[in-house]
Number of protein chains: 2
Amino acid sequence: MSEVVGQFKPRPRGETRRRILNIAADWLQQRGYHGFSFAQIADELEIRSGAVHYHFRGKADLVEAVFARYREEFAWWCGQLPEGPRRSVDWVERFLDLEAKNIERGRVCPLGLAGVEFASLPAAACREAEALRDELRDWLTDTLHTGRANGELSFSAAPQDMAQLVMASAQGAIQLARLQSPGDFLKVRRALLASLGATAAH
Amino acid sequence: MSEVVGQFKPRPRGETRRRILNIAADWLQQRGYHGFSFAQIADELEIRSGAVHYHFRGKADLVEAVFARYREEFAWWCGQLPEGPRRSVDWVERFLDLEAKNIERGRVCPLGLAGVEFASLPAAACREAEALRDELRDWLTDTLHTGRANGELSFSAAPQDMAQLVMASAQGAIQLARLQSPGDFLKVRRALLASLGATAAH
DNA sequence: GTCTATAACGTGATAGAC
DNA sequence: GTCTATCACGTTATAGAC
């Protein structure tokens, strides 16, 4: 009918929604739930802040959707892991790499964020974060358990306790690294792999 | 001269300032820098929000002072540790107890908070947090190093790497515990002590 | 010296234009 | 269906009362 309708620039269907999610995830992991506003998201998209409410009813819904997407992304990530002779060691290292990627982008782990802001985060977002934590924990527990049974790994604690240690230290290490000390993640990574009885991949 | 001056209730000199610091520390560790306001502090003290600005020039100064006090408290805490036959193991356990105390009070570790909100925290507060991190790391490194030399502890990684692991996992564990899972800290504690080659004091 | 009243601004959210 | 104009509220900060 017409290529440009009214006074606003139309975008491909679903495109704006996807962009909002990306920008929100970025801000959320960089500055926390209360550290960004609809106006900032709207500025990046060159629209008014009210327009964001068309795609997401409120900030709570937006952040819930961001956390839900983290879960989808993690499920996808799990599915693309390669099998191999050092499966468990490789997978743990890849998990640590995945967490470390946050540092380059100036982000923290979403779970760390949720833990810190728990008391002021919308309940629905907390539920998503808890589900993500469970999924990470179960995946790690299974991976560590298998690795020890294989003889790839060697540690004395229970696999689930060790899984919690890996999760907690990874998210804590990212936070320490942000405090003007980017090398801190690597130190934790070394100590963690040594504690798991895994020699570095090279 | 007079027992009640004007229309406000006078408090002992320095008392209001101290109370503001206490309340701010509580809110800060419970909800983050952007998660509380001067009005909320003022409400608890039954004064107007503007009055807080008499004691602290702005929110940045207030939070800087809170972080500075964490450093003082840690220095005091270090000074009151008892010597003994299991000095290093005991000290590490006491450190973990100190961190765990945050959970009971609904707080996270100040360093975790600073790491998460780093990008939107006043620069002066970040400097204080970095100094606190250095002090914790140095104390832990020394304690772990001594413990391994004593034969109390047994681990293969470098003491400083291990110190970072202890710090990171403690603050991460507190955050995980907040996500409706209070037992998570204990799991990390067990895995950590096992990785340090220390048997639990029970 | 200590606090109250009020300003100036930024926030999430809504009603309605097109 | 998508976005703009605008609102009511909460925020930090300042000026000045006593």
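This is a predicted model, so every value here is computed, not measured. Within every chain, numbering begins at 1; the chains are lettered A, B, ... in the order of the sequence lines, protein sequences first and strands thereafter.
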**Student:** Apply side-chain hydrogen bond (donor to acceptor under 3.5 Å, both in side chains) to N22(A) and list each qualifying residue two or more places apart in sequence or on a separate chain.
**Tutor:**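 Per chain and number, N22(A) pairs via side-chain hydrogen bond (donor to acceptor under 3.5 Å, both in side chains) with R69(A).
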
**Student:** Rounding to a whole Å, what distance do you find between L45(B):CG and dT2(C):C1'?
**Tutor:** 13 Å

**Student:** For the pair made of CZ in R19(B) and P in dT2(C), what is the distance, rounded to whole Å?
**Tutor:**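 Distance check: R19(B) CZ to dT2(C) P gives 14 Å.
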
**Student:** Could you state the atom-to-atom distance from CD of E15(A) to C1' of dG1(D) in whole Å?
**Tutor:**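 The distance from CD of E15(A) to C1' of dG1(D) comes to 16 Å, rounded to the nearest Å.
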
**Student:** Given atom CH2 of W27(A) and atom C1' of dG12(C), what is their separation to the nearest angstrom?
**Tutor:**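 Atom-to-atom, W27(A) to dG12(C), this comes out as 16 Å.
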
**Student:** Scan residues 106-118 of chain B for pairs that pass side chain to side chain donor-acceptor pair (under 3.5 Å), counting only residues two or more places apart or in two chains.
**Tutor:**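 Output for this query lists D26(B)-R107(B), Q29(B)-R107(B).
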
**Student:** Would you say that R178(B) contacts I103(B) through its side chain, given a criterion of any heavy-atom pair below 4.5 Å between the two side chains?
**Tutor:** no

**Student:** Tell me every residue that passes side-chain hydrogen bond (donor to acceptor under 3.5 Å, both in side chains) with E135(B), counting only those two or more places apart in sequence or in another chain.
**Tutor:** R71(B)

**Student:** Tell me every residue that passes salt bridge (charged side-chain N to carboxylate O under 4.0 Å, His left out) with R133(B), counting only those two or more places apart in sequence or in another chain.
**Tutor:** none

**Student:** Per the end-axis method with five pairs at each terminus, what is the bend angle of the helix from dG1(C)-dC18(D) to dC18(C)-dG1(D), to 10°?
**Tutor:** 0°

**Student:** Quickly work out the R48(A) CZ to dT14(C) C1' distance and round it to whole Å.
**Tutor:**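 So the two atoms are 17 Å apart, to the nearest Å.
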
**Student:** Output all residues satisfying side-chain hydrogen bond (donor to acceptor under 3.5 Å, both in side chains) with R127(A), sequence neighbours left out; order by chain, then residue number.
**Tutor:** E130(A)

**Student:** For D43(B) and dT4(C), give me the distance from atom CG to atom C1', rounded to whole Å.
**Tutor:**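 In whole Å, dT4(C) C1' and D43(B) CG are 14 Å from each other.
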
**Student:** Check whether NZ of the Lys or CZ of the Arg R87(B) lies under 6.0 Å from the centre of the six-membered ring of W91(B) and within 45 degrees of that ring's axis.
**Tutor:** yes

**Student:** Looking at residues at least two apart in the chain, or sitting in another chain, which of them share a side-chain contact (heavy atoms from CB on, under 4.5 Å) with A39(A)?
**Tutor:** S37(A), S49(A)

**Student:** Strictly under 4.0 angstrom, non-hydrogen atoms only: write out the protein contact profile of nucleotides 8-14 of chain D, one letter per nucleotide from the 5' end, B, S or -.
**Tutor:** ---SBBB

**Student:** Write down the distance between OH (Y54(A)) and P (dG16(C)), rounded to a whole number of angstrom.
**Tutor:**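 Y54(A) atom OH is separated from dG16(C) atom P by 18 Å.
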
**Student:** Could you list the residues that satisfy ring pair (Phe, Tyr, Trp, His ring centres under 6.0 Å) with Y33(B), not counting sequence neighbours?
**Tutor:** none

**Student:** Roughly, in whole Å, what's the span from CD in E46(B) to C1' in dT2(C)?
**Tutor:** 17 Å

